Amino acid sequence: MANTIEDFQKFGKAQFETATSSSQSVVKALQAIAAETTDYSKKSFENGQAFLEKLLGVKSLESAIQLQSEYAKSAYADFVAESTKLGELYSALAKEAFKPLEAIVAKVQTLKD
């Protein structure tokens with residue numbers, strides 16, 4: 001009986017340590033996502049502001065259309081690149097969040113056997 005209680009205490013301690021380390025890695029991943037989103041927002045705002053300044057200096061409608069077309073292509077390319085980066089960050093976050101569960105399931109299965 002004492003052996004079972006000790007095993008249970010060890011199992012509980014291991015779960016607590018796993019949850020603590022997991023929460024730290026999740027927080028780091030969320031901070032990376034927030035930093036990336038902030039950087040993209042700043043860059044997008046600055047690019048929009050620069051576009052508007054250029055647009056105000058345009059003398060012809062044809063030049064304005066060309067400038068707007070170039071800006072739209074650039075903004076779309078930046079958006080796709082940023083979406084890819086964020087997708088990778090969220091994927092890494094999910095993997096980190098489920099790592100402790102994998103370890104816990106493995107430990108439970110070994111205790112059953």
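This is a predicted model, so every value here is computed, not measured.
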Undergrad: Looking only at atom types and distance, does a side-chain atom of Ser44 sit under 3.5 Å from a main-chain N or O of Tyr40, one as donor and one as acceptor?
TA: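 Checking the backbone N and O of Tyr40 against the side chain of Ser44, no donor-acceptor pair under 3.5 Å is found.
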Undergrad: Of all residues at least two apart in sequence or in a different chain, which pass the salt bridge (charged side-chain N to carboxylate O under 4.0 Å, His left out) check with Asp39?
TA: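 Partners of Asp39 by the salt bridge (charged side-chain N to carboxylate O under 4.0 Å, His left out) criterion come out as none, since no residue qualifies.
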Undergrad: Tell me every residue that passes side chain to side chain contact (heavy atoms under 4.5 Å, CB included) with Glu53, counting only those two or more places apart in sequence or in another chain.
TA: Gln49
Undergrad: Got a sec, which residues hit salt bridge (charged side-chain N to carboxylate O under 4.0 Å, His left out) with Lys43, two or more places apart in sequence or on another chain?
TA: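 Lys43 satisfies salt bridge (charged side-chain N to carboxylate O under 4.0 Å, His left out) with Asp78 once adjacent residues are dropped.
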Undergrad: Starting at CG of Leu89, measure out to CD of Glu82 and round the result to the nearest 0.5 Å.
TA: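 Spacing of CG (Leu89) from CD (Glu82) equals 8.5 Å.
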Undergrad: Starting from Tyr71 and following side-chain heavy-atom contacts under 4.5 Å between hydrophobic residues (I, L, V, M, F, W, Y), which residues can be reached?
TA: Phe51, Leu55, Val58, Leu67
Undergrad: Which atom names give the shortest non-hydrogen contact between Leu93 and Ala29, and what distance separates them?
TA: CD1-CB, 3.6 Å
Undergrad: Quick one: name the residues clustered hydrophobically with Leu61, using the 4.5 Å side-chain heavy-atom rule over I, L, V, M, F, W, Y, and just say none if it's on its own.
TA: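 Result for Leu61 is Ile65.
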Undergrad: Can you name the residues that form a salt bridge (charged side-chain N to carboxylate O under 4.0 Å, His left out) with Lys85, not counting sequence neighbours?
TA: Glu36
Undergrad: Show every side chain to side chain donor-acceptor pair (under 3.5 Å) that has at least one partner inside residues 55-68, sequence neighbours left out.
TA: Ser60-Ser63, Gln66-Glu70
Undergrad: The criterion is side chain to side chain contact (heavy atoms under 4.5 Å, CB included); which residues satisfy it with Ser83, sequence neighbours excluded?
TA: Phe79
